[in-house]
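Beneath this line is the structure, given in structure tokens, with notes to follow.
Because the structure is a prediction, the values reported are computed rather than measured. We name chains A, B, ... by the order of the sequence lines, and we start the count at 1 in each one.
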2 protein chains.
Amino acid sequence: MDINEIARMAGVSRATVSRYLNDGYVSEEKRHMIKKVIDETGYVPSQRAQTLRTGKTKLVGVIIPKISSDSVSRMVQGMTKLFRENGYQIILANTDNDAKAEVDYIKLFSGRNKVDGIILIATVFSAAHIRALEACSIPTVVLGQKLEGQSCVFQDDFHALYEITLSALQHGSKPAFLGVREDDVSAGHQRHEGFMAACKELDIRIPQKNVILGGKFSVDAGYNMTEELIESGADVDTIVCATDNIAFGAITCLREYGRRVPEDVQVTGVGDGTLSQVVSPTLTTVHHYYRESGLEAAKILVDAMNGGTTIAREVRMGYEVRRRRSTR
Amino acid sequence: MDINEIARMAGVSRATVSRYLNDGYVSEEKRHMIKKVIDETGYVPSQRAQTLRTGKTKLVGVIIPKISSDSVSRMVQGMTKLFRENGYQIILANTDNDAKAEVDYIKLFSGRNKVDGIILIATVFSAAHIRALEACSIPTVVLGQKLEGQSCVFQDDFHALYEITLSALQHGSKPAFLGVREDDVSAGHQRHEGFMAACKELDIRIPQKNVILGGKFSVDAGYNMTEELIESGADVDTIVCATDNIAFGAITCLREYGRRVPEDVQVTGVGDGTLSQVVSPTLTTVHHYYRESGLEAAKILVDAMNGGTTIAREVRMGYEVRRRRSTR
DNA sequence: TTGTAAGCGTTATCAC
DNA sequence: GTGATAACGCTTACAA
């Protein structure tokens with residue numbers, strides 16, 4: 001059942017049917033006929049053919065560093081509805097934290113075959129990333145990191161860490177920091193800097209061994225870093241962690257070493273994932289508006305794909321410190 | 001740059017180029033010329049046009065109940081590589097546990113527009129599911145549930161629960177069970193039945209209040225069910241949970257009520273997700289081969305899409321009980 | 001307002 | 001072995 005058949009049944013040319021489906025430039029009478037036939041037959045235009053003809057795929061590629069991450073899934077949830085409402089289907093491309101695969105996907109998607117727009121949930125940027133992004137012929141929005149010259153939506157990690165550290169140090173004076181790789185500018189560098197700025201503000205000097213960087217984003221990384229911290233003999237009453245997962249690992253480890261949380265040691269995280277309210281003790285953390293940032297990115301992309309402005313926009317999302325039981 | 005241009009540059013007809021790309025029915029000499037031109041230009045055929053012509057999209061639709069689930073992400077990981085190797089791209093369709101959305105996606109994907117094959121990571125089956133699946137014109141594999149008449153790959157939840165319950169009750173005699181919705185046959189009904197069978201085997205009678213069903217798959221569901229259990233005054237030394245997350249919630253709750261795990265109460269889960277080895281105490285659980293089941297499902301689907309056998313196959317995956325510190 | 005006709009970039013069917 | 005040529009199902013000038 002194709003457009004020709006509909007045209008035949010409605011007694012018009014297929015061009016008229018096409019117009020009915022698109023411009024709408026059709027007389028009331030024929031419009032009626034066509035509608036009737038389409039309703040009866042349940043005809044749906046072939047997107048394949050539309051795509052070939054128009055060059056639009058109605059697909060957006062979303063590149064994610066991993067499936068099964070609280071922040072990623074909230075971002076994706078945030079964009080899903082808007083894309084669907086605008087007739088876009090999502091192709092999720094999972095790179096499993098392989099930066100090279102990320103670049104490959106950018107190239108793949110922007111090859112003349114693929115999608116109308118790309119959302120890149122970013123972690124680190126290599127030269128290859130920048131090149132691929134700049135060479136990219138279709139609208140692209142970077143999510144989760146700030147990138148000069150590209151439309152991007154990101155969290156305000158510097159101030160978030162600054163504030164949560166300040167908040168925790170109202171009841172502590174010997175902080176430590178457990179961070180992730182510094183080449184991840186948002187989650188690594190900015191969070192670290194925010195922590196340091198808060199300490200400086202309070203005139204607290206941090207012994208070098210109280211800062212451990214380069215961890216993975218996982219619970220066991222948190223466990224291991226905390227163990228390292230304890231074994232190094234560091235004197236600590238507050239552990240500021242770069243992510244919730246690291247904080248969970250820290251709490252577990254502290255417990256096994258007989259330290260009470262928050263009585264002996266306070267712990268804070270970042271992200272406010274589903275677990276933070278159900279672990280024991282509940283976790284003081286930064287609520288990042290991941291869902292909303294996903295929506296925001298989708299808005300920008302849809303706008304660009306519909307031929308809207310092509311100039312880059314930067315959106316810095318707000319945050320909120322959620323005080324719970326892991327701090328005093 | 002299209003096939004015509006390549007043909008012109010290579011001094012052959014575009015039909016020959018097409019043959020070179022497909023059948024390979026081309027003389028050595030021209031084959032050489034064409035290869036040279038293609039290498040130089042970096043020409044890649046337009047999948048859009050191929051799709052229009054051949055009716056193949058080289059896309060598979062994977063319907064998942066939620067992003068951000070350990071089991072789902074492992075299944076997806078398992079299938080990703082094989083699909084890629086076979087030239088298929090994955091469209092992940094996230095339903096967020098909306099059974100209706102699942103049916104919609106099946107219909108969407110099997111409409112003449114969309115994909116070459118479907119993998120449905122299933123939870124529950126309504127009549128609408130069955131109908132949509134039966135009406136489905138393209139190969140489909142059900143993953144995570146057994147379904148008569150469809151190719152499916154699933155875990156052996158009955159025996160898994162039977163075995164882990166038996167194992168835990170070597171050091172306990174007053175078991176309770178925290179389960180999920182029974183209309184989820186695998187994770188709900190089968191796990192429940194496996195538990196009951198083990199109790200029966202040991203001649204243990206279970207007070208009704210020791211069995212709580214219908215929970216969500218989340219940590220806080222586990223917390224709440226455990227609280228309900230404790231508040232009901234149930235006398236329990238072993239809590240068998242239908243999922244790891246429920247077990248985490250149970251452990252947290254028990255701790256808050258001053259019960260020691262495993263000294264006072266043993267806890268077991270199902271799934272063996274990333275957290276099970278980092279929580280404290282580490283979790284005794286069933287390791288399900290989710291990754292491998294994803295791969296298996298992908299194999300069956302690729303086979304079917306390549307015109308292999310169309311008869312339904314059922315694959316029941318093995319499992320393994322992992323004894324850790326949450327049991328005695 | 002409508003229809004005719006020319007593509008979009010392939011692959012499949014023929015003759016040669 | 002190879003090359004015309006006709007589809008695949010649609011959109012869009014352009015002419016009517």
I'd like to know if [X] pairs up with [Y] as an ion pair, taking the criterion as any Lys NZ or Arg NE/NH1/NH2 lying under 4.0 Å from an Asp or Glu carboxylate oxygen.
X       : Y       : answer
K299(B) : D303(B) : no
D104(B) : R84(A)  : no
R316(B) : D156(B) : yes

Whole angstrom value for the distance that separates [atom2] of [N] from [atom1] of [X]:
X      : N       : atom1 : atom2 : value
L21(A) : dT12(D) : CG    : P     : 12 Å
Q50(B) : dA12(C) : CD    : C1'   : 14 Å
N4(B)  : dG7(C)  : CG    : P     : 12 Å
D2(A)  : dC8(D)  : CG    : C1'   : 9 Å
I34(B) : dG3(D)  : CD1   : P     : 8 Å
I3(B)  : dT5(D)  : CD1   : P     : 17 Å
E28(A) : dT1(C)  : CD    : P     : 10 Å
R19(A) : dA15(D) : CZ    : C1'   : 12 Å

Consider the side chain of [X], meaning its heavy atoms from C-beta on, and name the nucleotide among [options] that approaches it most closely.
X      : options                  : value
T16(B) : dT2(D), dT11(C), dT2(C)  : dT2(D)
S46(A) : dG9(D), dG3(D), dT11(D)  : dG9(D)
A15(A) : dT11(C), dT12(D), dC8(C) : dT12(D)
S18(A) : dT2(D), dG9(C), dT11(D)  : dT11(D)

Check the phosphate of [N] against [X], side-chain N and O only, distance under 4.0 Å to OP1 or OP2. Yes or no?
X      : N       : value
Y43(A) : dC10(D) : yes
Y25(B) : dT11(C) : no
K56(A) : dC8(C)  : no

Is there, by distance only and without an angle test, a donor paired with an acceptor across the side chain of R31(B) and the base of dG1(D) below 3.5 Å? no
Query - Under 3.5 Å donor-acceptor pair, R14(B) side-chain atoms to dT11(C) base atoms - result: yes
| request: Measure from the side-chain N and O atoms of R74(A) to the backbone N and O of H288(A), and report whether any donor-acceptor pair falls under 3.5 Å. | output: yes
inquiry  = Tell me if a side-chain donor or acceptor on R48(B) pairs with a main-chain N or O of G55(A) at a distance below 3.5 Å.
reply    = yes
Original post:
How would you label the contact of D23(A) with the nucleic acid (heavy atoms, under 4.0 Å): base, sugar-phosphate, or nothing?
Top reply: nothing
Assign each of R53(B) and A49(A) the nucleotide of DNA chain C bearing its closest heavy atom; nearer the 5' end lies the nucleotide of A49(A)
Assign each of V17(A) and L52(B) the nucleotide of DNA chain D bearing its closest heavy atom; nearer the 5' end lies the nucleotide of L52(B)
